[in-house]
Amino acid sequence: STMSFSEAEVQSARGAWEKIYVDAEDNGTAVLVRMFTEHPDTKSYFTHFTGMDSAEEMKQSDQVRGHGKKVFTAINDMVQHLDNTEAFLGILKPLGKKHATQLKIDPKNFKIICDIILQLMEEKFGGDCKASFEKVTNEICTHLNNIYKEAGW
């Protein structure tokens, strides 16, 4: 399925994303820490995070920081290809497959993490920033769900 972003939507989504991606590691970490704090069951997928209970401890963890940056880097790669569905899926497909088959991550967690990214955008940069990026997170979640179905989830 192809994505239908107008040129204007691509530009405003990229502008919104740039604001939060400037501090990829800190913001990626903040997103994960919020996810682990508000949805503690998500920690069970990360064996090395399970012993961490305080948000402060998680924030300082090299593993949490590393994974936060990894998530933001992957999204950044996708944001560069909003106008090219094939390239976009070229990034998302292997990622989705890995999370479905090897890591066995419940796909509902992608919605959780996308919603937290949108919350953070709204808190830091306002509602317009969030609105500009919402279509991107919807596309990511929709395509991930399709990839999961194909993987027999």
Side-chain angles (χ1 to χ4, degrees), residues 1-43 45-46 49 55 58-100 103-151 153:
S1 57
T2 55
M3 301 185 296
S4 52
F5 285 93
S6 70
E7 187 52 41
E9 284 173 326
V10 169
Q11 292 313 321
S12 73
R14 283 186 183 149
W17 175 250
E18 265 162 31
K19 290 179 181 168
I20 200 164
Y21 188 66
V22 172
D23 297 309
E25 191 174 315
D26 281 343
N27 286 325
T29 301
V31 166
L32 285 186
V33 169
R34 190 176 291 190
M35 179 174 79
F36 293 148
T37 309
E38 294 176 2
H39 306 269
D41 55 307
T42 57
K43 276 200 300 186
Y45 293 109
F46 296 91
F49 302 168
M58 290 178 214
K59 255 184 217 127
Q60 303 303 322
S61 154
D62 287 340
Q63 277 132 331
V64 176
R65 297 189 72 79
H67 197 72
K69 187 160 194 219
K70 208 186 256 184
V71 169
F72 267 46
T73 302
I75 295 173
N76 190 57
D77 291 343
M78 291 174 225
V79 168
Q80 305 317 311
H81 298 298
L82 295 177
D83 39 16
N84 181 340
T85 306
E86 210 175 316
F88 181 92
L89 289 176
I91 297 157
L92 197 51
K93 267 194 176 139
L95 257 175
K97 267 207 179 95
K98 183 184 179 184
H99 282 75
L103 305 170
K104 308 230 187 309
I105 306 284
D106 189 316
K108 75 173 194 304
N109 293 313
F110 296 116
K111 179 88 179 88
I112 290 173
I113 205 165
C114 282
D115 285 347
I116 293 172
I117 289 169
L118 292 174
Q119 272 172 22
L120 194 68
M121 282 181 152
E122 186 166 31
E123 287 163 19
K124 289 188 168 230
F125 310 109
D128 287 352
C129 182
K130 176 192 171 183
S132 299
F133 204 67
E134 231 158 341
K135 189 167 176 182
V136 177
T137 56
N138 285 339
E139 287 290 343
I140 291 173
C141 288
T142 300
H143 286 291
L144 278 168
N145 284 328
N146 293 339
I147 295 162
Y148 264 69
K149 279 191 196 103
E150 282 166 28
W153 184 266

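Only this structure's heavy atoms are used, side chains among them; waters, hydrogens and symmetry mates stay out.
For the salt bridge (Lys or Arg N to Asp or Glu O under 4.0 Å) test with Glu25, the passing option among Lys70, Lys59, Arg65 is Arg65; the others fail.
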Candidate pair Val136 and Phe5, rule side-chain contact (heavy atoms from CB on, under 4.5 Å), full reasoning
CA-CA 9 Å; Val136 177; Phe5 285 93; 4.0 Å; yes

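At most 12 heavy atoms of other shown residues, nucleotides or ligands fall within 6.0 angstrom of atom NZ in Lys93. By the neighbour-count criterion of 12 heavy atoms within 6.0 Å, atom CG of Asp41 is densely surrounded, having more than that number from other residues, nucleotides or ligands. The 12-atom threshold is not exceeded at CD of Glu86, counting heavy atoms of other residues, nucleotides or ligands nearer than 6.0 Å.
Judged by distance alone, the side chains of Gln80 and Asn76 do bring a donor and an acceptor atom under 3.5 Å apart.
Between Phe46 and Phe36, the angle of the ring planes goes over 60°, which puts this pair in the perpendicular group of the 30/60° scheme.
Interatomic distance, Ser4 OG to Leu82 CG, rounded to the nearest 0.5 Å: 11.5 Å.
For the pair Ile117/Phe72, a side-chain contact is recorded, criterion being any heavy-atom separation below 4.5 Å from C-beta on. Phe125 is not listed as a side-chain neighbour of Leu120, based on a closest heavy-atom distance of 4.5 Å or more. With a 4.5 Å cut-off on side-chain heavy atoms, Glu122 and Gln119 do not count as touching. You'll find the side chain of Tyr45 stays beyond 4.5 Å of the side chain of Leu103, heavy atoms only.
Here the closest non-hydrogen pair linking Cys129 and Lys19 is SG-CD, 4.3 Å.
A ring-centre distance under 6.0 Å is found for His99 and Phe110.
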